[in-house]
Protein chains: 2
Amino acid sequence: MTSRPPRPRDRGIPEATVARLPVYLRALQALQDRGILTVSSEALATAAGVNSAKLRKDLSHLGSYGTRGVGYEVEYLVYQISRELGLTQDWAVAIVGIGNLGRALANYGGFGSRGFRIAALLDADPGVVGQSVASIQVRHIDSLEEVVRSRGVSIGVIATPAASAQGVASRFVEAGVTSILNFAPVVLNVPDGVDVRKVDLSIELQILAFHAQRRADGDGRDARAAGLELT
Amino acid sequence: MTSRPPRPRDRGIPEATVARLPVYLRALQALQDRGILTVSSEALATAAGVNSAKLRKDLSHLGSYGTRGVGYEVEYLVYQISRELGLTQDWAVAIVGIGNLGRALANYGGFGSRGFRIAALLDADPGVVGQSVASIQVRHIDSLEEVVRSRGVSIGVIATPAASAQGVASRFVEAGVTSILNFAPVVLNVPDGVDVRKVDLSIELQILAFHAQRRADGDGRDARAAGLELT
DNA sequence: ACGCGCTTGTGAAAGCGCGCACAAAGTGGG
DNA sequence: CCCACTTTGTGCGCGCTTTCACAAGCGCGT
Ligand SMILES: NC(=O)c1ccc[n+]([C@@H]2O[C@H](COP(=O)([O-])OP(=O)(O)OC[C@H]3O[C@@H](n4cnc5c(N)ncnc54)[C@H](O)[C@@H]3O)[C@@H](O)[C@H]2O)c1
Ligand SMILES: NC(=O)c1ccc[n+]([C@@H]2O[C@H](COP(=O)([O-])OP(=O)(O)OC[C@H]3O[C@@H](n4cnc5c(N)ncnc54)[C@H](O)[C@@H]3O)[C@@H](O)[C@H]2O)c1
């Protein structure tokens, strides 16, 4: 739709690379904690569980931050990746649906450490509203628009039952939230320009089951399909 | 590798297709609940949030189950996909680490409905062991091997802190579990033949942040990069 | 019986991502 | 100063994935 040829700027980092940057970042921070100052692509790739050429190509998209013959300076790379991912600013997150999963998310300490701050918890159940979860008062879903505006919420997390998810998503969008993380097992319908990511545990299990079944079938008929037989 | 002629259906289903089959399955079951008997690729694709040509190609990997001019019979397709994914048998799942997340998973009702049965809960904390979560007694991690054997566990879920995850994974593998779903933010090291899938909420948020920042940058300097400005 | 409209199944092309392999660039020792 | 060694950055080919486009197939109405 928008013109592609007349856009010489190469701001486009491949999606696959973006998905791996957080993994590199975590590995780098682990190295930093151990007092390590520089790291080679080979070592970092091993820590991140990827091929070293892929790692180098990924990093090359952010610029040339390595030194040939030496490697990458850990601290500088942490900063560059953080900046590229937008983690140098802090992001206000609102969680809707404070049930089993919503509570676990609210109580999870690992978010705040990376620039994400839980700014609000919302639920529709009068029995839940008013409760204090992880030192945050749960507010009623009707105040979503007000909360988004007043707290500057830019990321919405949906942890409601599937039936309510689309409604919540629409309200998020209307309130101006353009980034949504959805845990409900439904396909959300949102306008262009709104970014939705889905986490679906059930799908992950089904994919595991598929491969497990295939291994089992193969063992029966084909015998040497996989290098199993551990112990 | 294996002979082509004596194998009517090609056993190799592309990975990308496998990842989408559960989505189709869920959409089909929603249609089934509404009493709909047949569906076109176009309608099902919309419900699943994909391109219709992609859906048809995906389904063609399982065989020719559609009728030209009509579409697909919902019930038959549900059966075929379920069978292909291995959901016609039931899978015993063990969850290790009964903290915030482990409890949410244990209390989640959506697993049982698709062939997955929570067979055991395990933890290392003496204060947690013995507790009853979702009507299941939490057992000590030391009994992992025994539990895996006696309950026929084939899928292991890791919801422990990152520091313990590799150890738990190794014990799962040694006990014969070849499918692992990992929620801890670490790269697990396992032998060939063991299938590990990772769910990392923190990474999802970081990817959202990246795109959100890019949109914000574009709006400031470039103005018409995305079709935002809702309402 | 036949033709019309609808929908599937699939070639073909384009796009994207991965990993090999190597030249370029830097380091350190002599 | 030079040479041997290390490690980055990337050109290139390959295979997987997506999408287009259309012939073949099916049902229905006449
Ligand atoms: N618990 C898990 O481990 C798990 C695993 C996979 C998927 N999920 C999905 O995550 C979602 C939440 O699961 P859960 O186990 O926490 O469910 P839950 O029933 O425990 O909690 C849902 C919460 O959402 C609230 N809610 C319902 N409608 C709402 C609305 N319109 N606005 C605001 N709040 C509303 C309810 O009051 C409740 O507190 C579900 O869609 C589920 O399928 C959960
Ligand atoms: N809670 C969340 O929403 C969330 C979000 C993203 C990631 N995670 C990840 O999921 C994991 C669990 O998170 P949580 O919030 O439930 O943590 P938690 O601390 O609440 O629970 C961890 C549980 O694991 C048990 N445990 C520790 N070591 C063990 C071992 N060796 N064997 C068996 N059990 C052991 C602990 O006793 C505890 O009960 C962590 O790795 C976390 O990073 C959690």
Side-chain angles (χ1 to χ4, degrees), chain A residues 1-2 4-5 7 10-24 27-28 31 36-74 76-77 80-81 84 207 210-211, chain B residues 1 4 8-24 27-28 31 36-74 76-77 80-81 84 187 207 210-211:
Chain A
M1 191 158 294
T2 43
R4 206 82 37 148
R7 190 72 60 87
D10 193 30
R11 212 59 176 114
I13 296 183
E15 196 52 35
T17 295
V18 173
R20 282 187 297 266
L21 289 179
V23 180
Y24 303 154
L28 284 164
L31 293 174
I36 294 170
L37 298 179
T38 63
V39 66
S40 71
S41 65
E42 190 60 43
L44 184 54
T46 301
V50 302
N51 177 294
S52 70
K54 178 153 61 176
L55 176 115
R56 288 196 297 276
K57 191 159 288 184
D58 282 344
L59 294 183
S60 78
H61 288 296
L62 330 182
S64 291
Y65 298 140
T67 307
R68 294 171 193 229
V70 177
Y72 299 86
E73 192 193 336
V74 175
Y76 188 55
L77 204 50
Q80 290 299 343
I81 294 180
E84 196 64 49
I207 296 173
F210 171 83
H211 291 303
Chain B
M1 190 167 287
R4 211 74 40 110
R9 187 152 32 86
D10 194 347
R11 222 52 173 115
I13 297 183
E15 195 52 37
T17 296
V18 172
R20 282 187 296 265
L21 288 179
V23 180
Y24 303 154
L28 284 164
L31 293 173
I36 294 171
L37 299 179
T38 63
V39 65
S40 70
S41 65
E42 189 59 42
L44 183 55
T46 300
V50 302
N51 179 298
S52 70
K54 177 151 62 176
L55 177 119
R56 286 196 298 276
K57 190 155 283 186
D58 282 343
L59 295 183
S60 77
H61 288 295
L62 328 181
S64 291
Y65 297 141
T67 308
R68 295 171 192 233
V70 178
Y72 299 88
E73 193 193 334
V74 174
Y76 188 56
L77 204 49
Q80 289 298 343
I81 294 179
E84 196 65 50
V187 176
I207 296 174
F210 170 83
H211 291 303

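Just so it is clear, the structure is predicted and the values come from calculations on it, not from any experiment. Sequence lines set the chain letters: A, B, ... in the order given, protein chains first and strands last, and positions in each chain run from 1.
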Colleague: Please report how far the helix from dA1(C)-dT30(D) to dG30(C)-dC1(D) bends, comparing the axis fitted to its first five pairs with the axis fitted to its last five, to the nearest 10 degrees.
Modeller: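 Computed from the C1' atoms at both ends, the axes differ by 0°.
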Colleague: Just by protein heavy atoms under 4.0 Å, how would nucleotides 3-12 of chain D read 5' to 3' in B, S and -?
Modeller: ---BBBBBBB
Colleague: Compare every heavy atom of L28(B) with every heavy atom of V74(B), then report the nearest pair and how far apart it is.
Modeller: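 That closest heavy-atom pairing would be CG1-O, 3.6 Å.
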Colleague: Would you please name every residue forming a side chain to side chain contact (heavy atoms under 4.5 Å, CB included) with Y65(A), sequence neighbours left out?
Modeller: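 Partners of Y65(A) under the side chain to side chain contact (heavy atoms under 4.5 Å, CB included) test: L62(A), Y76(A), L77(A), Q80(A), R83(A).
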Colleague: Once side chain to side chain donor-acceptor pair (under 3.5 Å) is applied, do any residues pair with E42(A), and if so which ones, sequence neighbours excluded?
Modeller: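 Here the qualifying residues are S52(A).
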Colleague: Within this structure, what is the CZ-CD1 distance for the pair F210(B) and I13(A), rounded to the nearest 0.5 Å?
Modeller: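 It comes to 4.5 Å.
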Colleague: Show the nearest heavy-atom pair for residues Y24(A) and I81(A), with the distance to one decimal.
Modeller: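 Minimum heavy-atom contact is CB-CD1, 4.1 Å.
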Colleague: For R20(A), check salt bridge (charged side-chain N to carboxylate O under 4.0 Å, His left out) against everything at least two apart and list the hits.
Modeller: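 R20(A) satisfies salt bridge (charged side-chain N to carboxylate O under 4.0 Å, His left out) with D58(A) only.
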Colleague: Residues two or more places apart in sequence or in another chain: which of them pass side chain to side chain donor-acceptor pair (under 3.5 Å) with S40(B)?
Modeller: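 Expected list: none.
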Colleague: Would you grab the first and last nucleotide of DNA chain C (5' to 3') that comes under 4.0 Å of any non-hydrogen atom in chain A?
Modeller: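 Listing 5' to 3', DNA chain C meets chain A from dG17(C) to dT27(C).
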Colleague: With rounding to the nearest 0.5 Å, note down the distance linking CG in L59(B) to CD in E84(B).
Modeller: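 Output value for this atom pair is 11.0 Å.
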Colleague: For E73(A), which residues count as a side chain to side chain donor-acceptor pair (under 3.5 Å) partner, sequence neighbours excluded?
Modeller: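 Result, side chain to side chain donor-acceptor pair (under 3.5 Å) vs E73(A): none returned.
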Colleague: List in chain and number order the residues that pass side chain to side chain contact (heavy atoms under 4.5 Å, CB included) with A47(A), two or more places apart in sequence or in another chain; answer none if no residue qualifies.
Modeller: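 A27(A).
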